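Model, not experiment: these values are computed from the prediction. When a ligand or atom number is given, it counts from 1 through the structure's own listing order.
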Amino acid sequence: MRVLGIETSCDETGIALYDTDKGLLADALYSQIAVHSEYGGVVPELASRDHVRKTLPLIEEVLNKAGLAKTDLDAIAYTSGPGLIGALMVGAAVGRSMAYALGIPAVGVHHMEGHLLAPMLEDNPPAFPFVALLVSGGHTQLVKVEGIGRYELLGESLDDAAGEAFDKAAKMMDLDYPGGPHIARIAERGTKGRFTFPRPMTDRPGLDFSFSGLKTFTLNTVTEHAEANGLPSDQTCADIALAFQEAVVATLVIKCRRALKQTGYKRLVIAGGVSANKSLREQLEAQLAKINASVFYARKEFCTDNGAMIAYAGAQRLLAGETADLAINVTPRWPM
Ligand code: KG4
Ligand code: ZN
């Protein structure tokens with residue numbers, strides 16, 4: 001079965017073609033980062049308009065890359081939530097209508113299920129069951145995963161998501177949106193040990209997270225060291241970025257170890273934009289090796305939003321017999 005995947009939940013138009021026998025055939029991504037960067041965050045209306053412009057040309061590009069025609073498609077999967085309503089509507093309307101015209105089934109996919117299953121596209125995919133840490137711009141969740149669609153929420157952020165905290169910390173130091181990769185980049189030249197930031201909620205039991213206190217701590221440190229231009233020196237920014245990243249990573253690692261202990265599982269999947277973070281990957285690999293557990297993640301371009309994860313998750317849903325009716329439905333707020 002050849003499934004076309006369409007992702008338009010936020011500021012990336014992601015299209016891919018997944019074959020249940022042959023694997024991923026082709027994919028393409030258009031990022032709107034340049035459109036939103038001057039606003040310091042995603043502007044929903046601009047996002048929808050850009051998806052309108054890009055979705056069909058990208059579908060054409062992916063079909064050409066795979067050497068296939070529309071009539072070779074067996075089904076279409078699109079992100080139906082959670083996300084920005086207008087942006088979701090574009091992918092859902094295009095996907096649902098195209099499937100109707102071709103006379104093939106369509107299926108709506110949960111964006112976070114897409115992220116969660118993205119590591120399945122890699123050469124050494126994790127076997128079920130596992131614990132998943134979902135860390136994106138909108139979510140920070142620990143999930144017990146027993147199989148496709150068999151998810152149990154173990155813990156989540158009570159306030160900001162991990163990616164959101166990275167973005168806000170970056171903004172405080174006048175770094176571009178999305179801030180995660182910029183924080184990671186400048187942290188590389190940070191001075192180890194100059195600052196130590198709090199590890200929120202690690203001193204009490206449980207698997208929930210909170211990043212707003214860390215955000216305030218970061219803002220206070222930035223303000224305290226600000227120079228005439230209102231910003232700390234480049235070196236101090238790098239030192240703050242390092243301390244901030246260390247605190248987020250240490251907090252995530254502690255909770256992941258706790259979740260593995262609680263479930264008795266030996267496999268951890270990390271997914272979502274923040275799972276691209278090199279320090280998080282390295283720390284988890286080092287810490288989990290000590291307890292004979294292993295960590296799985298997608299290649300970097302499939303950690304952030306992409307069409308491949310939607311094509312894959314959609315294929316699994318279709319194999320399980322799920323299809324969308326003719327109404328074009330999206331769910332901007334949708335617990336997994
Ligand atoms: O999954 P994603 O692409 O979109 C959402 O569904 O939210 O995640 C985007 C988030 C942003 O907050 C971005 O700053 C963060 O992932 N991110 C990173 C890194 N790359 C992306 N955070 C830390 N380190 C990175 N290397
Ligand atoms: Zn995402």
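At least one N or O atom of Gly273 sits closer than 3.5 Å to an N or O atom of ligand 1. Not a single N or O atom of Thr304, backbone or side chain, sits closer than 3.5 Å to an N or O atom of ligand 1. Residue-to-ligand polar distances place Gly163 within reach of ligand 1: an N/O pair is separated by less than 3.5 Å. Checking only distances, Phe166 never comes within under 3.5 Å of ligand 1, N or O to N or O.
With Asp208 contributing its side chain and Glu156 its backbone, the two residues share a donor-acceptor pair below 3.5 Å.
Applying the side chain to side chain contact (heavy atoms under 4.5 Å, CB included) test between Phe209 and each of Val135, Leu142, Leu214 identifies Leu142 as the sole match. Screening Ile76, Thr323, Thr20 against Leu318 for a side chain to side chain contact (heavy atoms under 4.5 Å, CB included) leaves a single residue, Thr323.
Distance CG/Leu63 to CG/Leu73: 5.5 Å, rounded to 0.5 Å.
Counting only protein N, O or S atoms, 3 lie closer than 2.8 Å to the Zn ion (ligand 2).
Selection from Asn277, Leu280, Asp305 by nearest heavy atom to atom 24 (N) of ligand 1 gives Asn277.
Against a heavy-atom cut-off of under 4.0 Å, Pro178 is close to the following atoms of ligand 1: 13 (C), 14 (O). Ligand 1 places these atoms under 4.0 Å from at least one heavy atom of Gly137: 5 (C), 7 (O), 8 (O), 9 (C), 10 (C), 12 (O). Residue Asp167 has at least one heavy-atom neighbour below 4.0 Å for each of these atoms of ligand 1: 11 (C), 12 (O), 13 (C), 14 (O). Close approach of ligand 1 to His115 (heavy-atom distance below 4.0 Å) involves ligand atoms 1 (O), 6 (O). Less than 4.0 angstrom separates some heavy atom of His111 from each of these atoms of ligand 1: 6 (O). Residue Gly138 has at least one heavy-atom neighbour below 4.0 Å for each of these atoms of ligand 1: 7 (O).
Within the 4.0 Å heavy-atom criterion, neither part of His139 lies near ligand 1.
Outside the 6.0 Å centre-distance limit, the rings of Phe217 and Phe244 are not counted as a close aromatic pair.
Residues passing the ring-ring contact (aromatic ring centres under 6.0 Å, His included) test with Tyr100, sequence neighbours excluded: none. Tyr151 meets the ring-ring contact (aromatic ring centres under 6.0 Å, His included) test with no other residue; sequence neighbours excluded.
Judged as a side-chain hydrogen bond (donor to acceptor under 3.5 Å, both in side chains), the pairs with a partner in residues 294-312 (not counting sequence neighbours) are, in order, His111-Asp305, His115-Asp305, Glu122-Arg299, Glu285-Tyr297.
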